[in-house]
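To keep things clear, I will list the structure first and then write my remarks on it.
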Protein chains: 2
Amino acid sequence: MQMAAESPVTHADRTFFQLRNDIVEGVISAGSKLSETELSTKYDVSRAVVREAINRLTASHLVERKANVGARVVTLSATGLVQLYQVREALEGMAARLAAENMTQSEIDALQGLLSDHFDEVKSGESYYQEAGDVDFHYRIVLGSKNNHLISVLIDGLYHLVRMYRVQLGMAGPRVTTAFDEHRHVVQAIANRDGELAEILMRRHILYSKNNIERKLIQTSKR
Amino acid sequence: MQMAAESPVTHADRTFFQLRNDIVEGVISAGSKLSETELSTKYDVSRAVVREAINRLTASHLVERKANVGARVVTLSATGLVQLYQVREALEGMAARLAAENMTQSEIDALQGLLSDHFDEVKSGESYYQEAGDVDFHYRIVLGSKNNHLISVLIDGLYHLVRMYRVQLGMAGPRVTTAFDEHRHVVQAIANRDGELAEILMRRHILYSKNNIERKLIQTSKR
DNA sequence: CAGATCAAAATTGTCGACAATATCCATCAA
DNA sequence: TTGATGGATATTGTCGACAATTTTGATCTG
């Protein structure tokens, strides 16, 4: 999937992408303060562009800002994770419903092709699956909804937070084969143009997914 | 309802609120270009604060920005309206479900009180209802979800766009009494702590609501 | 020692100037 | 007339300096 390469055109763009990546990957740790001057020397740009980058991150819910005080990276928590997945369930459920109505036949074919590629990987045991494959699957369906609001809220916003949770909790986990089956059923419903079923299956898939990552979170906090 | 008075603390805040209001109310017309210098003289602040205000509006989907070109107020369209309501259906449906689980008993009591006040108004024929009452109803349920993502996406984001459509299409319309009944049923489900039903009813309410406003849009475009 | 007070230091907010880019418009060639 | 070219104009992007606010921490007081 030619992942709509986000190419920075302005300094603020570039700084925004770098900063976002550093936050998601944990290079800048969750809950830490973002000093404008410090970051401006680190990324070698003026404070103004750092400010703009931070403002954009605030819009993605990766950073919280208080007037006259400054910005902090969000802190990860169990309740935060649950709330995030509740929103995902609602939005991606709707996305699956709309995808069933709006995806072109060739897009559906491509989606099925993607799935059988994954199947081969899983069978031959390579399968790190989760990260690359799962993301790709969800992206295609969200884009297939053809709903701009849905697309931007999820892809520009929530997904980065989801990834932040995954990365920082060290998700490589199992859940490969069962998730694969769930994906297969969703695609089947979309291919049948059954939006109602696609929504139900997608919501359930995300619910399971939440339970899985939540279990990890609890394990981690016990250690 | 003590509507969490958004009080501007910084110039950028104030400019953001003013600009947002001017856009929603149609003082600055849909689709028009936002010149930074022009606005900075109009609101009597520097270009930097105008830029920040515009960036925030971009995050709320009220304006669109292109690098090195500038920002424009979004244009309203039938498909845009449909897409907006699809997202509302998903998010507010989930909000109603969560509200049924998470609202305190006193919050539910207050919500029922609000409804019977509205009932008196409707019966005595005052009833402009739609704007004030409807907004209040939806706000309470979204807040009752206790889900921060849901709250911010809807209240800081989509609702302003919804209002923009309503204002600019001159919605004062009928649909008062039937909407009232729909509200009543949703509240009943929440009072019964039946999240599943609350979600279904809320989704249907929003669907009807969309059909109603869509009809107006078609009428308007015919004129 | 706990808490209040206040000046110093650090950080964010705002501004005007300059640089980089896009847009406009007159000129020219086919 | 149409379309291309290139320079003038206007607009956005970036910067460093100053203003306003918060935070720090040293001193004083009970």
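In this text, all values refer to a predicted model and were calculated from it rather than measured experimentally. Below, chain A is the first sequence line, B the second, and so on; all start at residue 1.
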- Query: Side chains of R56(A) and T58(B): does their closest heavy-atom pair fall under 4.5 Å?
  - Reply: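 Of all side-chain heavy-atom pairs linking T58(B) with R56(A), none is under 4.5 Å.
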- How close or far is atom P of dA20(C) from atom CZ of R14(A), stated in whole angstroms? 14 Å
- Judged by modelled atom types alone, do Q105(A) and D109(A) share a side-chain donor-acceptor pair under 3.5 Å?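 Judged by distance alone, the side chains do pair up.
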- Any cation-pi pair here, R88(B) with Y85(B), using under 6.0 Å and within 45°?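 Here R88(B) passes the 6.0 Å and 45° test against Y85(B).
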- Mark up nucleotides 6-21 of chain D, 5' to 3', with B wherever a protein heavy atom is under 4.0 angstrom from a base atom, S wherever such an atom reaches only the sugar-phosphate, and - elsewhere. -----SBBBB-----S
- Short side-chain to backbone donor-acceptor contact, S32(B) and I28(B), under 3.5 Å: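 Checked: no pair found.
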- Test Y139(B) against D134(B) for side-chain hydrogen bond (donor to acceptor under 3.5 Å, both in side chains), laying out the working first. CA-CA 9 Å; Y139(B) 265 56; D134(B) 188 68; over 6 Å; no
- Close approaches to DNA chain D from residues 54-62 of chain A, in residue order (heavy atom, under 4.0 Å): none
- Task: Indicate yes or no: does E101(A) engage R193(A) in a salt bridge with an N to O separation below 4.0 Å.
- Result: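 Salt bridge absent between E101(A) and R193(A).
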- Query: Per the side chain to side chain donor-acceptor pair (under 3.5 Å) rule, which among R163(A), Q168(A), R20(A) passes with E25(A)?
  - Reply: R163(A)
- Query: Looking at residues at least two apart in the chain, or sitting in another chain, which of them share a ring pair (Phe, Tyr, Trp, His ring centres under 6.0 Å) with H138(A)?
  - Reply: H183(A), H205(A)
